[in-house]
Amino acid sequence: MRVVQKYGGTSVGSFDRIKSVADRVKALVDKGDEVVVVVSAMSGMTNKLIGMAKEVSDEPSERELDVLVSTGEQQSIALLTIALHSIGVPAVSVTGRQAGVVTKGTNTRARIEDIDPSYMNEILGSGKVVVAAGFQGTNEKGEIQTLGRGGSDLSAIALASAVNADICQILTDVNGVYTADPRVVKNAKKMEEISYEELLELASVGTKVMQSRSVEFAKKFGVPFEVRSSLNNESGTLVIEEKPNMEAVVIRGVSIERNQARVTVTGIPDEPGWSGRILKALGESEVNIDMIVSNIAHDGKARHSFTMSSDDLGRAQAALKPILSNLTDGGVETEAGIAKLSCVGIGMRSHSGVAATMFEALGDAEINIGMISTSEIKISVTVEENHIEKAAQVVHDAFGLGE
Ligand code: ADP
Ligand code: ASP
Ligand code: MG
């Protein structure tokens, strides 16, 4: 078997953890498997490196940030390879560039354009383990680029596809994908399996166990993968193509996303073109808009509300300024300290009443709902951030997910 295993930050978070990862890799090698290990930086390291850049500048260049933060993964590959050597396992570390990862796009959030696996195949062919740095690659100019926070998941999935692995295992600090974050909802249950589509939707609304772009890549290229623990040998969660009986489960899981903000633009003339102008300005300032609600106030003027990450609030306000200067009685209202709660499940396609159950559970818990948005397999609402944990628990219980 050819196996790609990815170990996240906590899993390589100390020298003892690195040694136990080496033992786990040795067990596979002893079994006769060919192994590519993808590692993240030791937990806390990426944040520490970003903090170092901020010590010397308020606005470090993204190109140089990538040069700096990519060193976190470089420490991990060398340390794990040294640990493997010390227990007699032949292994070679490779940076993103040596692994053949070609990236494109903006620094700090580049995408993978192509992978040339020839050097990795050569190492595997000589009977050695490949230890590859996650989260990084180089663009056509040879500049180091990183793949966005949590991007080692994407590295692992893409490398698994490039070396034609039989399985890609994402090893982390929980036993798999749960019906909710097990650190928030105590009776959350581990799923045996989940469809790509459901995990993608969960990941894109805050379930950080997998980076959403990595799930998108896996779905697109049919890369089979599982999420399991790096701390034990229990079976994890298998991520698979949708099966006919899967719609029988109405809700697969609930997800929370904190640190959200709402911006409302008021006093907009009720005429065509304004929504486009506002969204264009926000888009050009790289503000990621999530939910959108528009309505008409008593004065006959339109109001547009958007949610976004609180981190984007300043940029959004700056982007809206020139638009407001064109409006006689326009204004901007902002509200931080909100969070998003989402229910996801492909069963929603064939079951009705899901929103009613969710809203009723929140109402019974006296939690006020702000904005609402839905897609074919998801319902999201905003609530006050300090109610989000209780909200997740009552909605999880209302769908019987802990049973
Ligand atoms: P790694 O460092 O291995 O990449 P992450 O911290 O990125 O690990 O992701 C694992 C964490 O994701 C868990 O510790 C858990 O708290 C969180 N998480 C959030 N939602 C879920 C969920 N539905 N199932 C499992 N873990 C979840
Ligand atoms: N080290 C990077 C991060 O902290 C990538 C990863 O862990 O997947 O975001
Ligand atoms: Mg992660």
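For reference, positions follow the sequence shown, starting with 1.
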Asker: Is it the case that atom CE in M52 sees more than 12 heavy atoms from other parts of the structure closer than 6.0 Å?
Answerer: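 Counting other residues, nucleotides and ligands, CE of M52 stays at 12 neighbours or fewer.
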Asker: For residues S204 and S212, is any side-chain donor paired with an opposing acceptor at under 3.5 Å?
Answerer: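 No.
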Asker: One thing to verify: whether E385 and R258 come together as a salt bridge, which I'm taking to mean a side-chain N less than 4.0 angstrom from a carboxylate O.
Answerer: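 So R258 does not pair with E385 through a salt bridge.
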Asker: Does a side chain donor of either N175 or N232 reach within less than 3.5 Å of an acceptor in the other side chain?
Answerer: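 Note: N175 and N232 side chains meet the donor-acceptor criterion.
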Asker: Could you list the residues that satisfy ring-ring contact (aromatic ring centres under 6.0 Å, His included) with F221, not counting sequence neighbours?
Answerer: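 Only F217 meet the ring-ring contact (aromatic ring centres under 6.0 Å, His included) criterion with F221.
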Asker: Do S118 and D116 have side-chain N/O donor and acceptor atoms under 3.5 Å apart?
Answerer: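 Indeed, the side chains of S118 and D116 share at least one donor-acceptor pair under 3.5 Å.
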Asker: Going by atom types alone, do Q145 and T103 pair a side-chain donor with an acceptor below 3.5 Å?
Answerer: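 Yes, side-chain donor-acceptor contact under 3.5 Å.
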Asker: Spell out, as yes or no, whether a donor-acceptor pair under 3.5 Å connects the side chain of S155 to the backbone of F135.
Answerer: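 Pair found, side chain donor or acceptor close to backbone of F135.
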Asker: Any side-chain heavy atom of T10 sitting closer than 4.5 Å to one from T172?
Answerer: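 Result no, sub-4.5 Å side-chain heavy-atom pair not found.
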Asker: Are the side chains of M348 and I251 in contact, using a 4.5 Å heavy-atom criterion?
Answerer: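 Of all side-chain heavy-atom pairs linking M348 with I251, at least one is under 4.5 Å.
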Asker: Could you go step by step and tell me if S40 and E73 meet the side chain to side chain contact (heavy atoms under 4.5 Å, CB included) rule?
Answerer: CA-CA 5 Å; S40 293; E73 272 67 18; 4.0 Å; yes
Asker: Under 4.0 Å between a Lys/Arg side-chain N and an Asp/Glu carboxylate O for E286 and R109?
Answerer: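 Salt bridge present between E286 and R109.
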Asker: Hey, does I240 have a side-chain heavy atom less than 4.5 Å from the side chain of M246?
Answerer: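 Yes, at least one pair of side-chain atoms sits under 4.5 Å.
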Asker: Check whether any side-chain heavy atom of I157 lies under 4.5 Å from a side-chain heavy atom of M210, and answer yes or no.
Answerer: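 Sidechains of M210 and I157: in contact.
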Asker: Does the side chain of I268 reach to within under 4.5 Å of the side chain of I278, using non-hydrogen atoms?
Answerer: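 A side-chain contact under 4.5 Å exists here.
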Asker: Do K26 and D30 meet the salt-bridge criterion of a basic N to acidic O distance under 4.0 Å?
Answerer: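 Yes.
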Asker: Tell me if the CD atom of E271 is crowded by more than 12 foreign heavy atoms within 6.0 Å.
Answerer: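 Count over threshold, so yes.
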Asker: Are E201 and R252 within salt-bridge range, i.e. N to O under 4.0 Å?
Answerer: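 Here E201 does not pair with R252 in a salt bridge, since their nearest N and O are not under 4.0 Å apart.
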Asker: Hey, are N139 and E113 close enough side-chain-wise for a donor-acceptor pair under 3.5 Å?
Answerer: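 Looking only at side-chain atoms, N139 and E113 do not form any donor-acceptor pair under 3.5 Å.
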Asker: So, the side chain of E284 versus the backbone of A281: is there a donor-acceptor pair under 3.5 Å, distance only?
Answerer: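 Checked: no pair found.
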Asker: Quick one: closest heavy-atom pair of A203 and V215, and the distance?
Answerer: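 Result for this residue pair: CB-CG2, 4.5 Å.
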Asker: Side chains of N288 and R315: is there a donor and an acceptor less than 3.5 Å apart?
Answerer: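 Per modelled atom types, N288 and R315 side chains form no pair under 3.5 Å.
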Asker: Should Y178 and T237 be marked as a side chain to side chain contact (heavy atoms under 4.5 Å, CB included) after you check the CA-CA gap, both sets of side-chain angles, and the distance that decides it?
Answerer: CA-CA 9 Å; Y178 284 68; T237 303; over 6 Å; no
Asker: Main chain of A78, side chain of S93: is a donor-acceptor contact present, judged purely on distance under 3.5 Å?
Answerer: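 Not confirmed, S93 side chain does not pair with A78 backbone.
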Asker: Does R349 pair with E197 as a salt bridge, N-O distance under 4.0 Å?
Answerer: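 The answer is yes: the pair qualifies as a salt bridge.
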Asker: Can you tell whether the side chains of D153 and K208 come within less than 4.0 Å, N to carboxylate O?
Answerer: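 K208 and D153: not salt-bridged.
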Asker: Evaluate the side-chain proximity of S76 to V131: yes if any heavy-atom separation is below 4.5 Å, no if none is.
Answerer: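 No; the side chains remain at least 4.5 Å from each other.
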Asker: Just wondering, do L28 and Q5 contact through their side chains at under 4.5 Å, heavy atoms?
Answerer: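 Counting from C-beta outward, Q5 and L28 do come under 4.5 Å.
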Asker: Verify, without hydrogens or angle tests, whether S255 (side chain) and V205 (backbone) share a donor-acceptor contact under 3.5 angstrom.
Answerer: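 Judged by distance alone, yes, a pair lies under 3.5 Å.
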Asker: Tell me the closest heavy-atom pair linking A156 and V4, and the distance in Å.
Answerer: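 Heavy-atom minimum between the residues: O-CG1, 3.8 Å.
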Asker: Go through it in stages, so that I can follow the logic: the residues are W274 and V265, the test is side chain to side chain contact (heavy atoms under 4.5 Å, CB included), and I'd like the CA-CA distance, side-chain angles, deciding distance and then a yes or no.
Answerer: CA-CA 11 Å; W274 281 99; V265 187; over 6 Å; no
Asker: Looking at E384 and K390, does any basic side-chain N land under 4.0 Å from a carboxylate oxygen?
Answerer: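 K390 and E384: not salt-bridged.
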Asker: Please test E64 against N107 for side-chain hydrogen bond (donor to acceptor under 3.5 Å, both in side chains), starting from the C-alpha separation and ending with a verdict.
Answerer: CA-CA 9 Å; E64 303 312 323; N107 280 88; over 6 Å; no
Asker: So does R17 have more than 12 non-hydrogen atoms from other groups sitting under 6.0 Å from CZ?
Answerer: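 Atom CZ in R17 is crowded, with more than 12 foreign heavy atoms closer than 6.0 Å.
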Asker: Kindly indicate whether the side chain of S309, heavy atoms from C-beta on, has any atom under 4.5 Å from the side chain of N259.
Answerer: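 Of all side-chain heavy-atom pairs linking N259 with S309, at least one is under 4.5 Å.
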Asker: Counting only heavy atoms not in K128, do more than 12 sit closer than 6.0 Å to its NZ atom?
Answerer: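 Atom NZ in K128 is not crowded, with 12 or fewer foreign heavy atoms closer than 6.0 Å.
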Asker: Check step by step if side chain to side chain contact (heavy atoms under 4.5 Å, CB included) holds for M42 and L79.
Answerer: CA-CA 10 Å; M42 295 172 81; L79 288 168; 4.2 Å; yes
Asker: Please identify each residue that fulfils salt bridge (Lys or Arg N to Asp or Glu O under 4.0 Å) with K190, with sequence neighbours left out.
Answerer: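 Scan of K190 (salt bridge (Lys or Arg N to Asp or Glu O under 4.0 Å), adjacent residues dropped) gives none.
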Asker: Between the side chains of E198 and S195, does any donor sit under 3.5 Å from an acceptor?
Answerer: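 Judged by distance alone, the side chains do pair up.
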Asker: At their closest point, which heavy atom of A319 faces which heavy atom of L282, and how far apart are they?
Answerer: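 Result for this residue pair: CB-CD2, 4.3 Å.
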Asker: For the backbone of E62 and the side chain of T108, can you confirm whether one donor and one acceptor N or O come within less than 3.5 Å of each other?
Answerer: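 No: the side chain of T108 does not pair with the backbone of E62.
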